[in-house]
Structure formats: C-alpha cells, structure tokens
Amino acid sequence: MTFDLDRYRVHPGQPLQLATRSTNDDGGIDEEAADEHLDETHQVLHDLQEALYAEGKQSLLLVPQAMDAGGKDSTTEKVFRPLNPQGIR
C-alpha cells in the first residue's frame, strides 16, 4: 500500500504556511489501512533515524496540527514508540 506523501513535504528554502493546511486532512486513509502502513514502516523509521544520527548534519521536523484534544500526543507516541528516544526531541 502506498500513499502520496509528497503533498506533506516541505523542501529546504520552500515557504511553509501552516494556516493553509487543513486540520482534518486524513490523507484519504482509513484507520485500519493507516495502522497496517505504520506497522510496515516502523523498521524504515528506525533505519532513517540511524542514518540521520550517523550523518550528524540534518534533522527532521514534524509538525502535528490538530485542534485541542485532536490526538496529537497519542499519534506521536504511536509513531515514535519503536525508535530510540535518545534520538528524539
């Protein structure tokens, strides 16, 4: 299963206007499909964390956007649970 993640990427030098981003964008993914995709990509996330640490030059900034009580904390916990907490701020 693949998802169009390019619409969420912001490249260096590209302006980011959070006000133009929808807070209820689900990417066209239902919860069950999202859970399956996340399970498949936990190893990829781990490998990417190792590569970023080894290079020591770049970082990744994720900006979860949702209303109060929109699930940002639980989403962050679920996504980053398998990663090394020493590599996350």
Side-chain angles (χ1 to χ4, degrees):
M1 178 174 292
T2 60
F3 303 107
D4 178 21
L5 300 177
D6 283 333
R7 67 184 185 161
Y8 302 112
R9 284 197 176 98
V10 179
H11 298 281
Q14 180 181 1
L16 173 62
Q17 307 243 338
L18 290 178
T20 64
R21 305 283 178 133
S22 174
T23 58
N24 65 354
D25 179 10
D26 63 7
I29 306 166
D30 65 38
E31 188 172 346
E32 185 175 321
D35 285 341
E36 288 177 20
H37 182 66
L38 184 58
D39 289 342
E40 294 169 3
T41 58
H42 272 148
Q43 184 61 45
V44 174
L45 291 171
H46 177 269
D47 293 345
L48 291 171
Q49 182 185 35
E50 291 291 318
L52 283 170
Y53 176 77
E55 182 186 42
K57 294 181 181 179
Q58 298 184 53
S59 300
L60 174 66
L61 173 66
L62 298 175
V63 182
Q65 181 180 6
M67 304 272 296
D68 287 348
K72 297 179 294 290
D73 289 335
S74 60
T75 298
T76 301
E77 181 182 337
K78 189 171 188 175
V79 169
F80 294 109
R81 181 177 299 135
L83 300 180
N84 183 341
Q86 291 179 322
I88 297 173
R89 290 188 287 155

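Computed over heavy atoms, backbone and side chain alike; hydrogens, waters and symmetry mates excluded.
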Value for CG (Leu48) from CD (Gln43), rounded to nearest 0.5 Å, stands at 10.0 Å

Remaining members of the apolar cluster that contains Tyr53, side-chain heavy atoms under 4.5 Å = none

Heavy-atom pair of closest approach, residues Pro64 and Thr76 = CG-OG1, 4.4 Å

Using atom types as modelled, flag every donor-acceptor pair under 3.5 Å from a side chain in residues 77-85 to any protein atom, sequence neighbours excluded.
from, atom 1, to, atom 2, distance (Å)
Glu77, OE2, Arg81, NH2, 3.4
Lys78, NZ, Asp35, OD1, 2.7
Asn84, OD1, Gln86, N, 2.8

Roughly how far, to the nearest 0.5 Å, is the CD atom of Glu32 from the NE2 atom of His37?
-> 15.0 Å

Name every donor-acceptor pair, under 3.5 Å, that has one atom in a side chain of residues 66-74 and the other anywhere in the protein, sequence neighbours excluded.
from, atom 1, to, atom 2, distance (Å)
Lys72, NZ, Ala66, O, 3.3
Lys72, NZ, Met67, O, 3.2
Ser74, OG, Gly71, O, 3.3

Under 3.5 Å, which donor-acceptor pairs link side chains of residues 13-21 to any protein atom two or more places apart or in another chain?
from, atom 1, to, atom 2, distance (Å)
Gln14, OE1, His11, N, 2.8
Thr20, OG1, Gln17, O, 2.6
Arg21, NH1, Arg7, O, 3.3

Could you name each residue pair satisfying salt bridge (Lys or Arg N to Asp or Glu O under 4.0 Å) that touches residues 41-53, not counting sequence neighbours?
-> none

Got a sec, which pairs hit side chain to side chain donor-acceptor pair (under 3.5 Å) with one end in residues 55-64, sequence neighbours left out?
-> Glu55-Gln58

If a pair satisfies salt bridge (Lys or Arg N to Asp or Glu O under 4.0 Å) and one of its residues is in residues 8-17, list it, with sequence neighbours excluded.
-> Asp6-Arg9

